[in-house]
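Since the structure comes first, as structure tokens, the remarks are kept for the end.
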Amino acid sequence: MLLTPRQEEIIALARTAGRVSVEDLAARFSVTPQTIRKDLNDLCDARALTRVHGGAIFPSGNENVEYEARRAIASGAKQDIGRAAAALIPDNSSLFINIGTTTEAVGEALTERNGLMVITNNINVANRLRIFPQIEVVIAGGVVRGSDGGIVGEAAVDFIRQFKVDFAVIGVSAIDEDGALLDFDFREVKVAQAIIANARHVILVSDATKFERTAPVRIGHLSQVHTFITDQCPLERIRTICLESDVRLIETTG
């Protein structure tokens, strides 16, 4: 689903306030309630919001937002992050890319590189990069999650452990204020941990919405990465962790 600017703003308002009403949104955007109801229905169909009487609410931080909806959220920021990450990866490098909509944006930005070996548990990344003859794509084996094309499980972990690569590009579902990196699926967490352990330089990519969410399974800590790329970092504690742990913080806006 490609969001309109109004729909993107509605999601941002719902994320901040927790709830939005048809009446308030109609007044804010100077459109009819029917127009707002259609926007909300479309966003709820994509699971970006949850419909309630008179409006909609932002989904609970403990439930994962449907993958196509996540692609649409902060899509411009993800593209900027993807380009910034790709700029750090030279030709003739080897790298891991894990599952996630932001890591997909990195894969998209790597298509002009030459001589890359990309090892991934992300079917979407593999399918995008396979058509470029200058990029060798190696895909992990394991259980394929129907929700997002992620390959998870012990077979994927064992596969990843065979390699030692120059870079890892990882995404997460949430970042806690104490620097904990979090996800929803313990099987994906095991893969992400193997990726971190077997890369010389770890690049974390995450848009600012991940600071507003939570997830139940711990991948690791921000101090374990070398570079953190985001559109903006609103938490002073996260900046302090980066400074104290010698993590390079790159913000693509501001």
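Along the sequence shown, residues are numbered consecutively beginning with 1.
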Nearest heavy-atom neighbours spanning [X] and [Y]:
{"X": "Ala174", "Y": "Ala215", "result": "CB-N, 4.0 Å"}
{"X": "Asp231", "Y": "Ala208", "result": "OD1-N, 2.8 Å"}
{"X": "Arg218", "Y": "Val189", "result": "O-CG1, 3.4 Å"}
{"X": "Asn124", "Y": "Glu104", "result": "ND2-OE2, 3.0 Å"}
{"X": "Leu222", "Y": "Leu204", "result": "CD1-CD2, 3.7 Å"}
{"X": "Cys242", "Y": "Leu249", "result": "SG-CB, 4.3 Å"}

* To do: Determine whether the side chains of Asn122 and Thr120 contain a donor N or O and an acceptor N or O closer than 3.5 Å.
  =>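 The criterion, which ignores hydrogens and geometry beyond distance, is not satisfied for Thr120 and Asn122.
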* **Glu188 versus Asn121, side-chain donor and acceptor atoms under 3.5 Å** => yes
Sub-4.5 Å side-chain heavy-atom contact between [X] and [Y]:
{"X": "Ser206", "Y": "Phe211", "result": "no"}
{"X": "Arg130", "Y": "Ile139", "result": "no"}
{"X": "Val191", "Y": "Arg187", "result": "no"}
{"X": "Asn41", "Y": "Lys38", "result": "no"}
{"X": "His221", "Y": "Leu181", "result": "no"}

* For Asp176, all residues meeting salt bridge (charged side-chain N to carboxylate O under 4.0 Å, His left out), sequence neighbours excluded -> none
How many angstroms lie between atom [atom1] of [X] and atom [atom2] of [Y], to the nearest 0.5 angstrom?
{"X": "Thr230", "Y": "Lys210", "atom1": "OG1", "atom2": "NZ", "result": "9.0 Å"}
{"X": "Ile219", "Y": "Asp183", "atom1": "CD1", "atom2": "CG", "result": "4.5 Å"}
{"X": "Arg37", "Y": "Asp42", "atom1": "CZ", "atom2": "CG", "result": "14.0 Å"}

* Structure fact -> Joining Ile, Leu, Val, Met, Phe, Trp and Tyr whenever any side-chain heavy atoms lie under 4.5 Å apart, the cluster holding Val205 also takes in Ile81, Leu88, Ile89, Leu95, Ile97, Val106, Leu110, Leu116, Val118, Val125, Leu129, Ile131, Phe132, Ile135, Val137, Phe167, Val169, Ile203, Ile229, Ile250
* Do Ile99 and Val172 share a hydrophobic cluster, counting only Ile, Leu, Val, Met, Phe, Trp and Tyr and linking them when any side-chain heavy atoms are less than 4.5 Å apart? ->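 Not linked; separate clusters.
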* Asked: Should Val22 and Leu25 be regarded as members of a common hydrophobic cluster, given that ILVMFWY residues are connected when their side-chain heavy atoms come within less than 4.5 Å of each other, either directly or indirectly?
  ->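 Yes: a chain of side-chain contacts under 4.5 Å links Val22 to Leu25.
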* Return yes if some donor-acceptor pair links the side-chain N/O of Thr102 with the main-chain N/O of Lys78 below 3.5 Å, else return no. =>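 A pair under 3.5 Å: no.
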